[in-house]
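Protein chains get the first letters and strands the later ones, always in sequence-line order, with residue 1 at the start of each. Predicted model only: the values in this text are computed from it and were never measured.
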Number of protein chains: 2
Amino acid sequence: MRHARLPAPEEIVLEDVFHALSDPFRLQVVRRLAMEGEASCQALEGDRPKSSVSHHFRVLRAAGLIRTRNEGATHMNALRRDEIEERFPGLLSCVLSKRPE
Amino acid sequence: MRHARLPAPEEIVLEDVFHALSDPFRLQVVRRLAMEGEASCQALEGDRPKSSVSHHFRVLRAAGLIRTRNEGATHMNALRRDEIEERFPGLLSCVLSKRPE
DNA sequence: GCCAAAGTTCGAAAAATATCGAACTATCGA
DNA sequence: TCGATAGTTCGATATTTTTCGAACTTTGGC
């Protein structure tokens, strides 16, 4: 079982990144990965069926936002901080910064 | 004929902004408005039927990205630069910056 | 008042996404 | 080897978006 190929930084498409981040669950996942460094899928699932969680992680992966490393049976996900920063400087800091509600 | 109410800066939702910008046509409109300052809908339409153009402008407006001013029969659109910058510092500069392809 | 221009709104149809259960794969431990 | 655990994949359905023509509104000019 192989993941979709990790897009190289220069292959990351801004529209795809925006689409990935337009979903509240996915945005939340990105924020938590930023806080926690690495996390398994289930650690971030919010009571959803796993097929749904898996779908959202796939979208994040395909957009180039996260990287997934298989550690035994669990998959550890991490934000591709440096690569995203390289490709779209300032985007992540804007996504991750706390804002007044 | 009245437009949907202009969301106040603090009402602008990041997910909605991302969704609005995830469409190539809308992203292009935002970039051109940034360059040209103000433009009518038809000046930015790319050979689409006007109902389609109108739809995309509505999405941009509802997300809080643009402001529309009626000047006679034509509607002049402008990017809400300062308000977006206030709400999500750095976002616009990241969207507007040229990147190597 | 009439007409054209610029958009909006409506409605229906097409396309893209999301959701979720079920079956499947891979890995670890007993 | 047998489970159990962690995810993925598949397929079907539901929801959301997009698209576009037709009808409508508003404004300006004649």
Side-chain angles (χ1 to χ4, degrees), chain A residues 1-7 13-30 32-33 36 38-79, chain B residues 1-7 13-30 32-33 36 38-79:
Chain A
M1 182 178 324
R2 206 167 273 85
H3 291 131
R5 194 174 57 81
L6 198 68
V13 174
L14 189 56
E15 285 91 328
D16 293 347
V17 170
F18 283 152
H19 170 250
L21 295 175
S22 70
D23 179 273
F25 176 71
R26 292 192 296 252
L27 184 59
Q28 201 51 40
V29 166
V30 165
R32 291 198 50 188
L33 287 179
E36 305 176 16
E38 252 194 344
S40 67
C41 298
Q42 87 165 344
L44 299 181
E45 102 193 7
D47 273 341
R48 284 166 202 254
K50 41 193 198 161
S51 53
S52 176
V53 173
S54 188
H55 162 69
H56 288 296
F57 274 92
R58 164 199 282 275
V59 172
L60 288 170
R61 234 177 267 132
L65 282 163
I66 67 173
R67 175 189 324 121
T68 301
R69 173 173 71 83
N70 292 18
E71 178 164 313
T74 99
H75 298 192
M76 294 306 274
N77 304 282
L79 199 52
Chain B
M1 183 181 318
R2 207 165 273 88
H3 291 131
R5 194 174 57 82
L6 198 67
V13 174
L14 189 56
E15 285 91 327
D16 293 347
V17 170
F18 283 153
H19 169 250
L21 295 175
S22 70
D23 178 272
F25 175 72
R26 292 191 296 253
L27 184 59
Q28 202 50 42
V29 166
V30 164
R32 292 199 50 188
L33 287 179
E36 305 176 15
E38 252 194 344
S40 68
C41 298
Q42 89 164 342
L44 299 181
E45 103 193 6
D47 272 342
R48 284 165 203 254
K50 40 192 198 160
S51 54
S52 176
V53 173
S54 187
H55 162 71
H56 288 297
F57 275 92
R58 165 200 281 275
V59 173
L60 288 170
R61 234 177 268 130
L65 282 164
I66 67 173
R67 175 189 323 122
T68 302
R69 174 172 70 83
N70 292 19
E71 179 164 312
T74 99
H75 298 193
M76 294 305 276
N77 304 282
L79 199 51

Donor-acceptor pair under 3.5 Å, A:Ser54 side chain vs D:dG7 base: no
For atom NE2 of A:His56 and atom C1' of D:dG7, their distance in whole Å: 15 Å
side-chain N/O B:Arg58 vs C:dT9 OP1/OP2, d < 4.0 Å: yes
Residue pair B:Met76 / B:Ser40, side-chain heavy-atom distance below 4.5 Å: yes
Rounded interatomic separation in angstrom, taking CG from A:Asn70 and C1' from D:dT8: 11 Å
B:Ser54 backbone acceptor or donor facing B:Arg48 side chain under 3.5 Å: no
Sugar-phosphate, base or nothing in reach of B:His55, heavy atoms under 4.0 Å: base
Nearest-angstrom distance from the residue atom NZ of A:Lys50 to C1' of D:dT5: 8 Å
B:Thr68 and its side chain to side chain donor-acceptor pair (under 3.5 Å) partner, picked from B:Glu38, B:Arg61, B:Arg58, B:His75: B:Arg61
Under-4.0 Å side-chain N/O to phosphate OP1/OP2 contact, A:Arg48 with C:dC20: no
Atom-to-atom span, CD of A:Glu71 to C1' of D:dT5 - whole angstrom: 14 Å
Phosphate OP1/OP2 of C:dG7: any B:Arg69 side-chain N/O under 4.0 Å: no
Sugar-phosphate, base or nothing in reach of B:Thr74, heavy atoms under 4.0 Å: sugar-phosphate
Atom-to-atom span, CG of A:Asp23 to P of D:dT15 - whole angstrom: 16 Å
DNA chain C: 5'-proximal contact among B:Ser51 and A:Gly72 (nearest heavy atom): B:Ser51
B:Ala39 backbone acceptor or donor facing B:Asn77 side chain under 3.5 Å: yes
